[in-house]
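The next block holds one structure in the form of structure tokens; read it before the comments.
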Amino acid sequence: ETHLFKMLTEKNVRVQRYNQKDLIQFSLKHKIISESDMPSINDIRSMRNVVAHSDSDHTKQQANFALNFVRKLLKRN
């Protein structure tokens with residue numbers, strides 16, 4: 001989310017920093033992310049919410065998936 005906000009700001013797009021829906025919509029519109037990224041983004045958001053609101057843990061495989069996706073996204077932009 002921080003990366004998306006930063007990239008949008010650099011493109012002079014005004015968006016609220018913590019409005020996830022707008023961050024994603026504007027990031028799609030400005031080609032910072034693509035529709036093909038959405039399943040991974042949604043999986044990572046879900047993982048974060050589970051951790052934030054319960055005592056559940058994620059597997060090493062899930063953590064590696066999230067890290068690899070974010071690293072690739074950062075390199076693209």
Side-chain angles (χ1 to χ4, degrees):
E1 293 161 1
T2 301
H3 178 67
L4 297 180
F5 178 77
K6 179 182 173 188
M7 296 303 296
L8 288 167
T9 301
E10 287 176 4
K11 293 178 180 280
N12 294 317
V13 177
R14 293 179 58 112
V15 63
Q16 291 182 359
R17 185 179 198 115
Y18 299 107
N19 185 330
Q20 292 180 2
K21 182 179 175 185
D22 284 352
L23 283 170
I24 289 173
Q25 286 180 338
F26 283 109
S27 294
L28 286 165
K29 181 179 178 181
H30 292 276
K31 303 194 183 313
I32 296 167
I33 59 175
S34 67
E35 284 291 339
S36 65
D37 293 323
M38 290 310 301
S40 297
I41 290 169
N42 288 331
D43 286 347
I44 293 168
R45 289 173 63 197
S46 177
M47 289 170 59
R48 181 194 61 205
N49 287 337
V50 167
V51 169
H53 301 291
S54 72
D55 290 333
S56 296
D57 292 329
H58 293 291
T59 65
K60 183 176 181 178
Q61 181 181 4
Q62 289 170 310
N64 283 331
F65 160 78
L67 284 171
N68 289 333
F69 175 79
V70 171
R71 284 179 180 141
K72 288 177 188 175
L73 179 64
L74 293 172
K75 286 180 183 177
R76 273 193 278 171
N77 298 299

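Just so you know, residue 1 is the first one in the sequence shown, and it goes up from there.
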Student check: side-chain heavy atoms of Ser34 and Asp37 closer than 4.5 Å: yes
Using every non-hydrogen atom in the two residues, find where Ile32 and Met7 come nearest and quote the distance to one decimal. CD1-CB, 3.6 Å
Which value, rounded to the nearest 0.5 Å, describes the distance between Asp22 atom CG and Ser27 atom OG? 10.0 Å
Restricting to non-hydrogen atoms, name the atom on Ala63 and the atom on Met47 that form the minimum distance, rounded to 0.1 Å. N-CE, 4.2 Å
To the nearest 0.5 Å, how far apart are CG in Asn68 and OG in Ser40? 10.5 Å
Derivation of the side chain to side chain contact (heavy atoms under 4.5 Å, CB included) call for Leu23 and Arg17: CA-CA 7 Å; Leu23 283 170; Arg17 185 179 198 115; 5.9 Å; no
Residues passing the side-chain contact (heavy atoms from CB on, under 4.5 Å) test with Gln16, sequence neighbours excluded, are Asn19
hydrophobic_cluster_shared for Val15 and Met38, side chain cutoff 4.5 Å: yes
Does the distance from a Lys or Arg side-chain N to an Asp or Glu carboxylate O, for Glu1 and Arg48, drop under 4.0 Å? yes
Kindly say whether Phe5 contributes a backbone atom to a donor-acceptor pair with the side chain of Thr9 at under 3.5 angstrom? yes
How about Phe26 and Leu4: do any of their side-chain heavy atoms sit closer than 4.5 Å? no
Atom CD of Gln20 and atom CZ of Arg45: how far apart are they, to the nearest 0.5 Å? 4.5 Å
Please tell me if the side chains of Phe69 and Asp43 come closer than 4.5 Å, counting only heavy atoms from C-beta onward. no
Roughly how far, to the nearest 0.5 Å, is the NE2 atom of His58 from the CD1 atom of Ile44? 10.5 Å
Answer yes or no: is there a side-chain heavy-atom contact under 4.5 Å between Val51 and Ser56? no
I'd like to check Arg14 versus Leu8 (side-chain heavy atoms, cut-off strictly below 4.5 Å). Are they in contact? no
Pairwise distance CD1(Ile33) to NZ(Lys31) - rounded to 0.5 angstrom: 11.5 Å
Using the rule side chain to side chain contact (heavy atoms under 4.5 Å, CB included), only one of Gln62, Lys60, Gln61 pairs with Asn64; which is it? Lys60
Could you give the distance from CZ (Arg71) to CZ (Arg76), rounded to the nearest 0.5 Å? 15.0 Å
Does Val70 share a hydrophobic cluster with Leu28, counting links as ILVMFWY side-chain heavy atoms below 4.5 Å and allowing steps through other members? yes
